[in-house]
Amino acid sequence: MFSLIESKEEIAKAQHKLEAAIRRDFKTKAVKNIGYPGGTTFDAKVVTDGSYWYWSSDYDVKDIPNPRRLNWFGLFRDDADLQISVEINTAYEGRNDQVAGFFARDNDTGSIYLLHSGRVGGGTKGVGKAAFLAWSNQRPIDVVDSYGGIREGVLVMPIEGVAASRSAVRYIDVIASFKQAVRAGDLNSPEFQSKKKELDDFFSESRGRRKGKRSGEIDYLSRHGEVVDALYSWRNSSQLPKGGRLVKNVLIDMGVAVANELVEVFEVKTSTARSDVYTAIGQLMVHGTSDECRRVIVLPKSELLASDLKEALERLNIELLKFKLDEKAATIV
């Protein structure tokens, strides 16, 4: 479970660690104009790794309705003004759903993360939360506030640790690609509209059901999407069944489909904890419905798997595939 960070002191501390983590990875400073619908911020002092940029500042002038710390991210260009890919601004105190970013603590590990509501702006018709989540297969997680309320958010990055910004970089890429897809008209296809309806049904169903920190190490949870990308490349490097294609949606991390039938299904978990493996087994058995379906669980190489869980996977004919993470990449091994 994740808990919302609400106190002014904790939010300020989290923001400080977030900025330090990004600046550690984005080592170059540049002075750039930042454009956005309705205006330009001139001579902003951004940090960059040469491909992506980040800028942060206070926005707390008197009488504004939602004072907040600005966290702007985008694709870097040395020869032109910058454009914002996503704003993940955070409120200074409490819960404020009008501000898209927020911090939350994983109660199992104590690790704190920056999350984003999934609301993607940009002044273009079709750019919005529901379409973005359906197109990108991002899975929001539930965060509980101090009153027991639920706020959904997409996990962007941990606020500290080795290569903490890796998952944020991937998120920037995903949003930039989504906006390009909107401009190209890709979201008007019947296939996408069907996928969006599937996501709407999934989250409607999930809402109806609701009534040991690794400091200094690589954070696995925030890089789940990167592992799925590596899995996609790994499977795509081998021959697919005749008529087969790789598929991803909100229900499965990845699969191979022939016509409309899944013949392979993969589920990635970033921990070998018993609860995670139980969940993966259930997902594989529910969505890999045919007897001939290949079912594969993908787990971190660096963590041991309990012997009874190994035996269960063998008994259920579920293959075990492993991945490793370093500061730069996820790799299937």
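The basis for the numbers below is simple: all heavy atoms, side chains too, and nothing from hydrogens, waters or symmetry mates.
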Just grab all the side chain to side chain donor-acceptor pair (under 3.5 Å) pairs involving residues 250-261, residues at least two apart or on different chains. Arg139-Asp253, His224-Asp253
Just verifying a value: how many Å separate Leu313 CG and Asn317 CG, rounded to the nearest 0.5 Å? 10.5 Å
Mark yes or no for whether Asn89, through its side chain, and Asn71, through its backbone, hold a donor-acceptor pair below 3.5 Å. yes
Hey, could you give me the CD/CD1 distance between Glu152 and Ile141, rounded to the nearest 0.5 Å? 10.0 Å
Side chain of Asp173, backbone of Ala176: donor and acceptor closer than 3.5 Å? no
Could you tell me whether the side chain of Ser165 and the main chain of Ala168 form a donor-acceptor pair under 3.5 Å? no
Is the backbone of Val228 close enough, under 3.5 Å, to the side chain of Lys248 for a donor and an acceptor to pair up by distance? no
Quick one: salt bridge (Lys or Arg N to Asp or Glu O under 4.0 Å) partners of Arg245, sequence neighbours excluded? none
Hydrophobic cluster mates of Leu82, side-chain heavy atoms under 4.5 angstrom, ILVMFWY only, any path? Ile34, Tyr36, Val46, Trp53, Trp55, Tyr59, Val61, Ile64, Leu70, Trp72, Phe76, Ile84
Apply side-chain contact (heavy atoms from CB on, under 4.5 Å) to Asn96 and list each qualifying residue two or more places apart in sequence or on a separate chain. Asn66, Ala91, Gln98, Val99
Out of Ser238, Ser237, Ser233, which one pairs with Arg235 under the side chain to side chain contact (heavy atoms under 4.5 Å, CB included) rule? Ser238
Can you check whether Arg170 reaches Asp229 side chain to side chain, under 4.5 Å on heavy atoms? yes
Qualifying residues under ring-ring contact (aromatic ring centres under 6.0 Å, His included), relative to Phe323, sequence neighbours excluded: Tyr220
Once salt bridge (Lys or Arg N to Asp or Glu O under 4.0 Å) is applied, do any residues pair with Glu93, and if so which ones, sequence neighbours excluded? none
Going by ring-ring contact (aromatic ring centres under 6.0 Å, His included), name the residues that satisfy it together with Phe73, two or more places apart in sequence or in a different chain. Tyr54
Just wondering, are more than 12 heavy atoms of other shown residues or ligands nearer than 6.0 Å to CD in Gln239? no
Arg105 with Glu10: basic N within carboxylate O range, under 4.0 Å: yes
Show the atom names and distances, to 0.1 Å, of all donor-acceptor pairs under 3.5 Å that link a side chain in residues 278-285 to residues at least two apart or in another chain.
residue: Tyr278; atom: OH; partner: Arg274; partner atom: NH1; Å: 3.3
residue: Thr279; atom: OG1; partner: Ser275; partner atom: O; Å: 2.9
residue: Gln283; atom: OE1; partner: Lys269; partner atom: NZ; Å: 3.2

Would you give the length of the straight line joining atom CG of Asp186 to atom CZ of Phe178, rounded to the nearest 0.5 angstrom? 10.5 Å
Is a donor on one side and an acceptor on the other found under 3.5 Å between the side chain of Asp145 and the backbone of Gly149? yes
I'd like to check the salt bridge (Lys or Arg N to Asp or Glu O under 4.0 Å) partners of Glu226; sequence neighbours left out, ordered by chain and number. Arg166, Arg223
Are the charged groups of Arg77 and Asp79 less than 4.0 angstrom apart, N to O? yes
Between Phe103 and the options Lys17, Lys13, Glu6, Gln15, the side chain to side chain contact (heavy atoms under 4.5 Å, CB included) test singles out Gln15
Would a 4.5 Å heavy-atom cut-off, applied to side chains only, mark Tyr171 and Gln138 as touching? yes
Joint hydrophobic cluster, Val263 plus Val286, side-chain heavy atoms closer than 4.5 Å: no
Calculate, to the nearest 0.5 Å, the distance between atoms CD1 and NZ belonging to Ile297 and Lys322 respectively. 11.0 Å
Value rounded to 0.5 Å, distance of CG in Leu231 from CG in Leu321: 6.5 Å
Salt bridge (Lys or Arg N to Asp or Glu O under 4.0 Å) against Glu319, all qualifying residues, sequence neighbours excluded: Arg294
Within the 4.5 Å heavy-atom criterion, are Ile175 and Ile172 side-chain neighbours or not? no
Between Ser3 and Asn107: side-chain donor-acceptor atoms closer than 3.5 Å: yes
Residues in side-chain contact (heavy atoms from CB on, under 4.5 Å) with Asp58, at least two apart? Asp60, Arg69, Tyr92
Of all residues at least two apart in sequence or in a different chain, which pass the side-chain contact (heavy atoms from CB on, under 4.5 Å) check with Asn33? Thr40, Phe42, Asp43, Asp81
I need the Arg68 CZ to Ile11 CD1 distance, nearest 0.5 Å. 14.5 Å
